[in-house]
Amino acid sequence: MLPITSNHHLQSSSDEELESLIRPDYERCHPGDTLDDLKRRAAFSKEDRGLLRDWMAVAAAIGKRFAAEFSRGDEAKESLLSAPSAR
């Protein structure tokens with residue numbers, strides 16, 4: 001459980017953005033399962049907590065890559081969004 005702080009809302013928003021980066025890939029790799037299902041199971045399953053942590057690390061890496069591309073002002077963002085996933 002996350003501690004409730006003044007920036008809790010910002011963290012939740014950030015988590016939601018990160019989840020949106022991996023949701024389609026997770027659901028493609030785990031047919032019949034959803035990221036929301038994994039999040040619920042992670043509350044009581046060590047294995048699912050680890051799986052969620054790994055997927056969120058992937059999301060963070062993707063987010064950093066998007067941020068780096070954006071800060072450089074490259075037009076490559078569009079190719080990143082439209083490129084097939086290599087994960």
Side-chain angles (χ1 to χ4, degrees):
M1 190 76 164
L2 292 172
I4 298 177
T5 63
S6 60
N7 66 353
H8 176 69
H9 175 70
L10 295 175
Q11 181 65 40
S12 294
S13 175
S14 177
D15 285 350
E16 290 171 7
E17 289 172 6
L18 290 176
E19 289 170 9
S20 73
L21 297 174
I22 58 168
R23 187 174 302 277
D25 288 331
Y26 177 83
E27 293 173 4
R28 182 179 45 80
C29 291
H30 300 272
D33 196 12
T34 67
L35 189 59
D36 291 330
D37 292 338
L38 176 64
K39 289 169 49 179
R40 278 190 288 279
R41 291 192 312 268
F44 56 86
S45 166
K46 185 180 356 179
E47 291 82 9
D48 286 327
R49 236 183 338 268
L51 184 59
L52 179 59
R53 181 194 59 235
D54 292 346
W55 275 96
M56 292 303 286
V58 168
I62 293 169
K64 280 185 179 181
R65 185 173 175 189
F66 282 159
E69 295 294 330
F70 181 77
S71 69
R72 287 196 324 214
D74 289 346
E75 296 299 320
K77 292 186 296 283
E78 291 302 318
S79 66
L80 285 174
L81 292 172
S82 63
S85 176
R87 295 177 285 284

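Residues: numbered from 1 along the sequence shown.
The two residues L35 and L52 make their nearest non-hydrogen contact at CD1-CD1, 4.2 Å. Taking every heavy atom of both residues into account, I22 and W55 meet most closely at CD1-O, 3.5 Å.
Atoms CG and CG, from L51 and L38 in turn, are 5.0 Å apart once rounded to the nearest 0.5 Å. Here the CD1 atom belonging to I62 is positioned 9.0 Å from the CG atom belonging to L18, to the nearest 0.5 angstrom.
Among R41, R53, R40, the one residue that satisfies the salt bridge (Lys or Arg N to Asp or Glu O under 4.0 Å) test with D48 is R41.
Ion pairing between a basic and an acidic side chain is recognised when a charged N comes within 4.0 Å of a carboxylate O; R23 and D36 show such pairing.
Residues passing the side-chain hydrogen bond (donor to acceptor under 3.5 Å, both in side chains) test with T34 are D37, sequence neighbours excluded.
In this structure, the side chain of S45 does not engage the main chain of A42 through any donor-acceptor pair within 3.5 Å.
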